[in-house]
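What you see is a predicted model; the values in this text were computed from it and never measured. Read the numbers this way: they start at 1 and go in the same order the structure lists the ligands and their atoms. The basis for the numbers below is simple: all heavy atoms, side chains too, and nothing from hydrogens, waters or symmetry mates.
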Amino acid sequence: MKYEGMIFRPPSEAESLILQVTVGCSYNRCTFCSAYQGKSFRMKRFDEVKEDIDEVSSYGVKIPRIFLADGDALVLPQKDLVQIMSYLKEKLPWLGRVGIYANARDILRKDLEELRELKDLGLGIVYLGLESGNAEVLKRIKKNATVEQLVRAAKRVKEAKILLSVTVILGLGGVEMSRAHADDTGKVLSEMDPDFVGALSLIVVPGTPVEKEIATGQLVLPTPFGMIEELEGMIDHLQCTHCFFASNHASNYLPLRVRMPEEKEEALKRIREVLKKRDPALLRPEYFRAL
Ligand code: SF4
């Protein structure tokens with residue numbers, strides 16, 4: 001497999017084979033994100049991708065899942081994605097699920113029929129970064145989508161009957177926007193009604209615009225307990241039909257795995273106990289946090 005640069009994938013794709021179909025992120029301007037810094041975006045040619053698929057098929061191993069990288073592989077034109085997915089289906093007929101990162105604009109560029117076509121070819125899950133449900137925070141982090149576009153994109157994925165996993169980031173609004181960020185994110189997640197929610201906590205990466213904002217005092221990060229208050233606000237405002245909320249990513253101070261709505265009250269109770277005790281020993285130590 002020929003990978004270019006660092007490869008990222010969602011934690012839930014740890015067992016999947018990564019097939020790189022694009023390099024970098026077509027947007028690459030979110031102020032907190034360092035994932036694809038220094039990578040010039042390009043779409044791989046079909047012959048490059050085909051070579052990798054042929055290699056996988058030659059292993060003779062029944063790989064159950066594939067994740068299409070990099071940052072927003074759904075940006076590929078429909079005909080290119082159909083060509084890749086069709087070839088995957090032909091060469092790896094046992095493949096159970098294909099996953100992909102997408103941003104709201106990538107999704108909205110496709111109509112429902114196109115998403116359904118991809119679903120029929122094996123696209124089983126779309127990972128979408130909401131980051132925040134607050135319009136002002138989205139503007140500050142230079143997210144390339146509005147709340148309305150993000151909700152519309154989420155609904156289109158769901159309508160195509162593709163699983164939807166949404167990522168949010170604690171701490172992103174700083175102390176100033178903390179409460180609004182948490183509450184609005186919970187509310188917008190409720191509108192999206194995803195199958196999975198992954199909460200991360202902001203880790204400031206050197207060289208990112210967010211680092212400069214912190215250095216100049218424009219952004220003041222919440223304390224670890226402040227981030228847990230945000231977690232409480234999000235979960236408190238989250239009403240979903242049936243979703244799995246996880247804050248077990250290595251960046252978080254308080255790892256949780258919550259089946260919603262069944263375990264919501266239990267999770268809130270646990271968070272409130274931690275907030276009441278304010279004991280740092282109950283949190284993941286700073287040196288264990290990672291991206
Ligand atoms: S957060 Fe996503 S859309 Fe934004 S720059 Fe990073 S990879 Fe690209």
Side-chain angles (χ1 to χ4, degrees), residues 3-13 16 18-44 67-77 81 99-110 125-154 156-157 164-174 177 181 185 188-189 192 194 196-214 219 221 249-252 290-291:
Y3 296 120
E4 290 182 29
M6 283 268 280
I7 299 292
F8 295 87
R9 48 113 187 111
S12 51
E13 298 285 341
S16 308
I18 312 291
L19 179 68
Q20 192 179 32
V21 297
T22 58
V23 177
C25 164
S26 68
Y27 178 62
N28 217 11
R29 288 199 290 279
C30 298
T31 60
F32 60 89
C33 178
S34 64
Y36 304 106
Q37 273 180 0
K39 256 189 186 182
S40 302
F41 176 76
R42 79 176 181 94
M43 300 181 189
K44 284 194 170 179
F67 180 73
L68 302 181
D70 272 346
D72 63 335
L74 199 78
V75 74
L76 281 173
L81 267 173
I100 200 165
Y101 277 136
N103 66 43
R105 290 182 187 214
D106 301 335
I107 296 167
L108 294 176
R109 237 178 268 121
K110 304 210 180 292
I125 185 163
V126 166
Y127 296 87
L128 169 67
L130 166 64
E131 332 305 3
S132 175
N134 180 274
E136 178 61 29
V137 175
L138 288 183
K139 219 185 285 168
R140 290 186 188 185
I141 63 167
K142 294 196 165 51
K143 185 84 192 160
N144 65 340
T146 61
V147 170
E148 183 272 329
Q149 286 171 319
L150 284 153
V151 171
R152 205 150 39 88
R156 195 169 296 175
V157 171
L164 175 67
S165 179
V166 176
T167 307
V168 298
I169 305 181
L170 304 173
L172 211 49
M177 302 291 296
H181 167 54
T185 303
V188 170
L189 282 171
M192 292 175 142
F196 304 95
V197 179
L200 280 68
S201 297
L202 182 62
I203 288 192
V204 181
V205 180
T208 54
V210 150
E211 187 202 29
K212 278 196 205 103
E213 286 172 28
I214 290 171
L219 184 77
L221 279 191
H249 184 268
S251 62
N252 290 307
L291 275 173

Worksheet entry | Ring centre gap for Tyr101 and Phe67 strictly below 6.0 Å | yes
Worksheet item: Atom CG of Leu150 and atom CD of Glu131: how far apart are they, to the nearest 0.5 Å?
Response: 8.5 Å
Response to the item:
Less than 4.0 Å from some atom of ligand 1, heavy atoms are found in residues Cys25, Asn28, Arg29, Cys30, Phe32, Cys33, Tyr36
Worksheet entry | Cationic N near anionic O, under 4.0 Å, Glu4 to Arg42 | yes
Discussion item. Among Leu200, Ile203, Ile169, Val204, exactly one meets side chain to side chain contact (heavy atoms under 4.5 Å, CB included) together with Phe32. Which residue is that?
Written reply: Ile169
Worksheet item: Is it true that Tyr36 and Phe41 have ring centroids separated by less than 6.0 Å?
Response: no
Fill in: Donor-acceptor pair between Thr22 and Asp70 side chains, under 3.5 angstrom
no
